[in-house]
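Notes follow the structure.
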Protein chains: 2
Amino acid sequence: MDRLSEVFGALADPTRRAILARLAEGEATVNQIAEPFPISLQAVSKHLKVLEKAGLITRGKEAQWRPCRLDAAPLREVANWVTTYQRFWEERYDELGAYLKQIQKEN
Amino acid sequence: MDRLSEVFGALADPTRRAILARLAEGEATVNQIAEPFPISLQAVSKHLKVLEKAGLITRGKEAQWRPCRLDAAPLREVANWVTTYQRFWEERYDELGAYLKQIQKEN
DNA sequence: CGGTTAATTAACTCCTAGGTTGAATATGCG
DNA sequence: CGCATATTCAACCTAGGAGTTAATTAACCG
């Protein structure tokens, strides 16, 4: 699968986005990450694997802990992609669109 | 499903992103959209339904044609979400991180 | 060593996603 | 009307996603 699809896919889940939000506050172990969620540890472990495969987190190895850290590099790619559409949601563009429609009606 | 997950899910497919890119150049009918893709018209129709459900496109009704138009509003939400992580990929932050690590080593 | 804690792997269920083909539903046109 | 065009709907297939429980691996600790 292409990189961008993998990243978007990883982000298309509220649990995984919540994990990223948690990691934005600092690195955490799997148990710490899983604690607030109503799902099993194993399910969280799977989510972490998805995030890791998408490059959104990296994992360390300290004794029996695997601390996870946020890696926002793929998010920059997302930001780059999405801003190519920025003109379509900016107010100025909406005004232009309204103006063009107005012109069209008048003719 | 929550809105953001739906939008991210819709974007997690290269065909759908290509459709959005096509619509950025102007509205198009289903056949026009489907033309460059190596999949069936029905498959494209399904993709359009996904994009519509995510609010990324709107569709008109002209005779037997259903012209699709890009609606970038959800992309603004994506941009808003992703920029909350901007500090994690900006160079200044990387420098800060390196600095903090340096401090830590020195103590 | 033996037990405890941390995390992953395995095997399974259920459901949805993306694709197919074939039939159905409009709408325009001669 | 009857046919061609545009699009959707329906039924089906296969693969993978998200969750579960049970078993396994790895590392520390008394």
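Side chains are part of it too, since the values below use all heavy atoms of this structure and drop only hydrogens, waters and symmetry mates. Each chain gets a letter, A, B and so on, in the order the sequences are listed, and its residues count up from 1.
In this entry the distance linking CD of A:E62 with C1' of C:dA6 reads 13 Å, nearest Å. Taking atom CD of B:Q64 as the reference point, atom C1' of D:dC3 lies 13 Å away to the nearest angstrom. In this entry the distance linking CD of B:Q32 with P of D:dA6 reads 10 Å, nearest Å. Taking atom CD on B:E6 and atom C1' on C:dA17, their separation rounds to 13 Å, with Å as the unit. Computed from coordinates, the B:D13 CG to D:dG17 C1' distance equals 15 Å when rounded to whole Å. One interatomic measurement links the two molecules: NZ of B:K61 to P of D:dT7, which rounds to 13 Å at whole-angstrom precision. One atom, CZ of B:R66, and another, P of C:dA26, lie 9 Å apart when rounded to the nearest Å. At whole-Å resolution of the value, CG in B:N31 and P in D:dA4 are 17 Å apart.
Here A:K49 does not reach the OP1 or OP2 of C:dA7: none of its side-chain N or O atoms lies under 4.0 Å away. Side-chain N/O atoms of B:R16 include one lying less than 4.0 angstrom from OP1 or OP2 on C:dG18.
Comparing B:W65 and B:A12 along DNA chain C, the residue whose closest nucleotide (by nearest heavy atom) sits nearer the 5' end is B:A12.
Note that CG of B:L41 is 11.5 Å distant from CD of B:E35, once rounded to the nearest 0.5 Å. Considering CD1 of B:I57 and CZ of B:R69, their distance stands at 10.0 Å, rounded to 0.5 Å. For the atom pair CD of A:E27 and CZ of A:R66, the computed distance is 13.5 Å after rounding to the nearest 0.5 Å. Here the OG1 atom belonging to A:T83 is positioned 6.5 Å from the CH2 atom belonging to A:W89, to the nearest 0.5 angstrom.
Aromatic ring orientation, A:F8 versus A:W81: perpendicular (interplanar angle above 60°, classes split at 30° and 60°).
Non-hydrogen atoms lying under 4.0 Å from DNA chain D are contributed by A:I39, A:S40, A:Q42, A:A43, A:K46, A:H47, all within residues 35-47 of chain A.
Under the 4.5 Å side-chain criterion, counting only non-hydrogen atoms from C-beta, B:F88 is in contact with A:L70.
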Side-chain donor-acceptor pairs of residues 13-24 of chain A under 3.5 Å, sequence neighbours excluded:
{"from": "A:D13", "atom 1": "OD1", "to": "A:T15", "atom 2": "N", "distance (Å)": "2.8"}
{"from": "A:D13", "atom 1": "OD1", "to": "A:R16", "atom 2": "N", "distance (Å)": "3.1"}
{"from": "A:R16", "atom 1": "NE", "to": "A:A10", "atom 2": "O", "distance (Å)": "2.7"}
{"from": "A:R16", "atom 1": "NH1", "to": "A:H47", "atom 2": "ND1", "distance (Å)": "3.1"}
{"from": "A:R16", "atom 1": "NH2", "to": "A:G9", "atom 2": "O", "distance (Å)": "3.2"}
{"from": "A:R17", "atom 1": "NH1", "to": "A:L11", "atom 2": "O", "distance (Å)": "2.7"}
{"from": "A:R17", "atom 1": "NH1", "to": "B:S5", "atom 2": "OG", "distance (Å)": "3.0"}
{"from": "A:R17", "atom 1": "NH2", "to": "B:D2", "atom 2": "OD2", "distance (Å)": "2.6"}
{"from": "A:R17", "atom 1": "NH2", "to": "B:S5", "atom 2": "OG", "distance (Å)": "3.2"}
{"from": "A:R22", "atom 1": "NH1", "to": "A:G26", "atom 2": "O", "distance (Å)": "3.2"}

